[in-house]
Amino acid sequence: MFDEYKIAQEMNKLIEERRFNEMIELAEQLIDEYPDSYLGRWWTARTYTLMGDTEAALDWFMEAMKKAEDEHEESKISSSIANVYNIRKNWSESLNYTDIALELNPENVVAIIARSIALMATGERKTAHQLLDQNQRLFKEDYQKACVAAVKRDKQKMLEHLSKAIKENPHNRVTVLHDPDFSLYTRDSEFRALLKG
């Protein structure tokens, strides 16, 4: 069986170097070697998300969903779909998929943050803040904390956590550009300077 953590490390290295075509090739190998697993399809979708092709990303996430073996995998894929809908500013679909993701796994951090983005965008600011505050104990990684701070519009906290997250995992310098959590800051000079390093 494959080592999901090792695959993630390999893929993250390729993200860091923006070698997206190689990511697609590696994902294809995973699909060939493990045709009954969701993982190769999920990484294909993730790559298309980073390449800005949300249509292909959604298609591949739907393919991944067909191969999900348990609620944990279904929740992970649903929250990824929600993120793509947030990129597209399709808030109702994002809320729909975060509902599914959180019903399957109430502690899905990606789904919690994705839902808070859609809630903020639809004027449900108070509900978004409550959702993030209620689940504060789940946000353990600096990248997650940076996402939460970004959604709450706490720029200094966001920059502080993002700086640590990039030092810990340099691929975050690339993922952050395609992450709807940070869409408010993409033109911010301090944010841009941090990404240049």
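The structure displayed is predicted, hence computed values, not measured ones.
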Ion pair check, Glu28 and Arg41, cut-off under 4.0 Å: no
Short side-chain donor-acceptor distance under 3.5 Å, Asn90 and Ser92: yes
Salt bridge flag under 4.0 Å for residues Arg115 and Asp99: yes
Residues Arg88, Glu93: salt bridge by 4.0 Å N-O rule: no
Parallel, tilted or perpendicular: ring planes of Tyr185 versus Phe191, cut at 30 and 60 degrees: tilted
Pair Glu16 + Lys13: basic N to acidic O under 4.0 Å: yes
Sidechain N-carboxylate O distance under 4.0 Å for Glu73, Lys76: no
Validation row, ring centre Tyr38 to ring centre Phe61 under 6.0 Å: no
Glu190 atom CD, over 12 foreign heavy atoms within 6.0 Å: yes
Glu160 atom CD: more than 12 heavy-atom contacts under 6.0 Å: yes
Validation row: Met120, Val151 side chains within 4.5 angstrom (heavy atoms): yes
Residue pair Tyr48 / Asp59, side-chain donor-acceptor N/O under 3.5 Å: no
Cluster overlap Leu102 with Leu95, hydrophobic side-chain contacts below 4.5 Å: yes
Residues, nucleotides or ligands: over 12 heavy atoms within 6.0 Å of Glu17 CD: yes
Atom pair CG (Asn86) and CD1 (Ile81), whose distance is rounded to the nearest 0.5 Å: 12.5 Å
Gln136 atom CD: more than 12 heavy-atom contacts under 6.0 Å: no
